[in-house]
Amino acid sequence: MAETQYQKPLPAISSLNKPFWDALKNRELRLQKCDKCGLIWYPPAPLCPDCWARKFTWVQLSGRGRVNSWVVFHQSYFKGFDDELPYNVAEVELDEGPRLLTNLVDIPNDQIRAGLRVEITFEDVTSDITLAKFRPIEIRRS
Amino acid sequence: MANFDLKDRAAIVGVGNSLFGRRLMRSPIDLACDAIVNALDDAGLTKRQLDGLIVSFGSPIGADADTLAQVLGLELRTYNQTWAHGRFTASCIQWAAMLVNAGLANAVACLAAVSFSGLRRPMMGGSGDREGAREAGGGHGEDPVYGMTSPGAGAALVARRYFERYGCGNRELAAVPIAFRKHASKNPAAIMRDVFDVDDYQRSRFVCEPLHLLDYCLINDGASCVIVTTSERARDCRKAPVYISGMQGLPAGRDEFIWAYPGLGVAQQRSFDYQAGLQPVYQMAGITPHDVDGLFTYDAFSILVWIALERWGFCKPGEAASFTQEGRIELGGELPMNTNGGLLSEGHIMGWNHQVEIVRQLRGECGERQIQQAEIIQWANAYGDSLIYHR
Ligand SMILES: [Zn+2]
């Protein structure tokens with residue numbers, strides 16, 4: 001069975017961000033946490049951008065947060081996204097503080113609101129790369 | 001400190017534009033040449049007297065400083081160039097002011113030339129945008145993996161954040177591009193001169209929602225140049241000098257995002273109530289925002305005008321939506337802005353066309369779009385740098 005070629009841009013893996021992408025592949029959201037001052041930050045850095053401590057730990061995060069801002073693309077820029085126009089890009093503020101850009105899934109664009117509670121969902125796009133997307137946290141109805 | 005106080009120590013003595021247009025089919029060097037020749041002529045200076053060059057937007061869309069020197073036969077003692085963004089206008093002029101006062105150059109041409117004519121898809125963003133895919137994110141919040149691309153998308157993210165935080169929307173934002181189009185209608189050099197109203201605005205398509213096409217600047221061809229020298233030498237030039245009395249550099253850090261002031265809470269900015277205070281540029285010039293007769297800003301996207309007004313203290317956070325209504329930023333209003341029509345309607349020459357207009361305003365050369373009794377004009381941007389000019 002031939003894998004359909006993934007058409008969208010792929011992340012460039014670097015010495016700094018490799019643990020982030022490795023974690024996503026393992027279905028975990030991990031960011032660096034400073035061993036000295038406790039800051040959790042994004043994007044990955046060689047040291048704590050606040051206190052400049054070199055010691056940090058790649059901690060696992062809750063994968064939950066809220067929509068801080070979002071946009072909807074109506075214009076085609078990348079062939080790989082053309083089938084999904086208009087598509088959303090959201091900025092999610094994680095409960096632990098850092099903000100990630102992502103796509104919201106399982107929600108129509110016109111239902112997106114600031115403050116909407118969301119949780120991570122992992123999307124394997126190639127055999128090596130898993131993306132962090134987010135979906136509304138389900139409110140269970142009786 | 002005293003021997004390098006730059007207040008009123010440098011001046012702009014000449015300004016020049018090329019033709020502006022959407023498909024001029026002329027190269028960046030070709031366009032830059034017109035702007036340089038026109039600016040030198042305006043100053044009454046010769047090629048031999050020009051010994052410094054600073055370029056703010058290089059190849060392949062612009063022209064690089066070293067090539068310009070070779071092709072145009074300039075004899076430079078010093079040149080410098082930023083990477084290809086519009087954000088460096090004030091920085092370039094600040095460096096030029098320092099160079100001439102430090103004795104490293106006598107007269108410095110600062111310019112940008114852009115030509116999108118030759119490109120098959122004349123746009124910013126997408127798969128051709130290598131900087132957007134650079135390590136740790138693009139310069140306007142790009143993240144191509146999730147389809148986040150182009151400078152306008154970063155501005156749309158700021159606009160949505162602003163709308164949600166302060167409870168306003170496109171209907172209020174429309175006042176900005178409407179005002180600048182009115183100004184362009186009085187400017188024969190402007191590319192877009194047909195006025196429009198709020199309904200036309202709302203009907204224009206979304207590019208990156210919530211921003212409409214009419215919230216976006218033009219993508220075009222053109223060049224603009226200004227000549228900087230010491231205030232002493234300026235007095236021997238052809239026209240009255242326009243002095244630079246205040247300067248503030250371009251800030252960066254985790255609380256900065258190119259299209260937002262600190263505290264707005266975009267990208268990795270902390271979220272807090274921003275207070276402008278009296279920014280250093282005013283302290284250097286010895287004035288307050290109330291003394292400014294005209295304000296010019298980098299209006300690549302209409303939301304940046306709101307951000308700039310709040311960043312510099314012309315109004316408080318959340319108030320720009322109402323501040324920009326009822327003609328307040330139009331000619332004849334309390335604070336005329338971007339009287340050339342801006343990047344939104346005159347043309348996108350990276351803010352260099354705005355510097356040309358500021359100088360012409362302070363000389364009283366602007367005809368039917370003249371700001372009456374203009375004495376002090378400020379260049380002040382969403383991203384936090386500024387120049388204060390006076391005649
Ligand atoms: Zn730390």
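All values derive from a computational prediction rather than experimental measurement. Chain letters run A, B, ... following the sequence lines, proteins first, then strands; residues in each count from 1.
- Comparing Thr149(B), Val145(B), Val266(B), Asp143(B) by heavy-atom pairs within less than 4.5 Å of chain A, the highest count is held by Val145(B).
- Residue contact with chain B, scored on non-hydrogen atoms closer than 4.5 Å, involves the side chain of Ser14(A) exclusively.
- Looking at Arg161(B), both its backbone and its side chain come within 4.5 Å of chain A, counting heavy atoms on both sides.
- Among Pro86(A), Gly115(A), Pro49(A), the residue making the largest number of heavy-atom pairs under 4.5 Å with chain B is Pro49(A).
- Note: Ser150(B) leads Ser150(B), Gly137(B), Gly141(B) in heavy-atom pairs under 4.5 Å with chain A.
- Taking the side chain as every heavy atom from C-beta outward, Arg203(B) and His212(B) never approach each other to under 4.5 Å.
- Ranking Val158(B), Val207(B), Asp129(B) against chain A, the residue ahead of the rest is Val207(B), based on heavy-atom pairs under 4.5 Å.
- Side-chain contact between Gln248(B) and Asn381(B) is absent, with no heavy-atom pair separated by less than 4.5 Å.
- A salt bridge is absent between Asp273(B) and Lys316(B); no separation between the charged side-chain nitrogens and carboxylate oxygens falls under 4.0 Å.
- Contacts between Phe73(A) and chain B at a heavy-atom distance below 4.5 Å involve backbone atoms as well as side-chain atoms.
- Put simply, OG1 on Thr57(A) and CG on Leu31(A) are 12.5 Å apart, with the number rounded to the nearest 0.5 Å.
- Proximity to chain A (any heavy atom under 4.5 Å) is shown, for Arg134(B), by neither the backbone nor the side chain.
- Cys51(A) has its side chain out of reach of Leu39(A): every pair of non-hydrogen atoms, C-beta onward, lies at least 4.5 Å apart.
- Contact annotation for Gln268(B): both backbone and side-chain heavy atoms come within less than 4.5 Å of a heavy atom of chain A.
- Residues Ile178(B) and Phe196(B) have side chains in contact (heavy-atom distance under 4.5 Å, counting atoms from C-beta outward).
- Contact count versus chain A (heavy atoms, under 4.5 Å) is highest, among Ser127(B), Gly265(B), Ala156(B), Gly125(B), for Gly265(B).
- Residue-level contacts of residues 299-312 of chain B with chain A do not occur; threshold 4.5 Å between heavy atoms.
- Of the residues considered (Gly147(B), Gly128(B), Ala267(B), Ala159(B)), Gly147(B) shows the highest number of contacts with chain A, using heavy-atom pairs under 4.5 Å.
- Using a 4.5 Å cut-off between heavy atoms, Leu16(A) contacts chain B through its side chain alone, with no backbone atom that close.
- Taking the side chain as every heavy atom from C-beta outward, Leu101(A) and Glu91(A) approach each other to under 4.5 Å.
- Note on ring orientation: taking the six-membered ring where Trp is involved, the planes of Trp58(A) and Phe56(A) are perpendicular (angle over 60°, cut-offs 30° and 60°).
- Contact of Leu10(A) with chain B is made through the backbone alone, with heavy-atom distances under 4.5 Å.
- Heavy-atom pairs under 4.5 Å with chain A peak, among Glu135(B), Gln269(B), Arg254(B), at Arg254(B).
- Phe163(B) is linked by a ring-ring contact (aromatic ring centres under 6.0 Å, His included) to nothing, counting only residues two or more places apart in sequence or in another chain.
- When heavy atoms are compared at a cutoff of 4.5 Å, Ala132(A) approaches chain B by way of both its backbone and its side chain.
- Per-residue counts of heavy-atom pairs under 4.5 Å with chain B were compared for Arg99(A), Lys133(A), His74(A); the largest is that of Arg99(A).
- For the 3.5 Å distance criterion, the side chains of Glu172(B) and Ser322(B) fail to qualify, holding no donor opposite an acceptor.
- Here Asp82(A) does not pair with Lys79(A) in a salt bridge; the nearest charged N to carboxylate O distance is not below 4.0 Å.
- Side chains of Tyr87(A) and Asn103(A): no donor on one and acceptor on the other come within 3.5 Å.
- Taking OG1 of Thr130(A) as the start and CG of Leu24(A) as the end, the distance is 6.5 Å to the nearest 0.5 Å.
- Between Arg27(A) and Asp124(A) there is a salt bridge, with a side-chain nitrogen of the basic residue lying less than 4.0 Å from a carboxylate oxygen of the acidic one.
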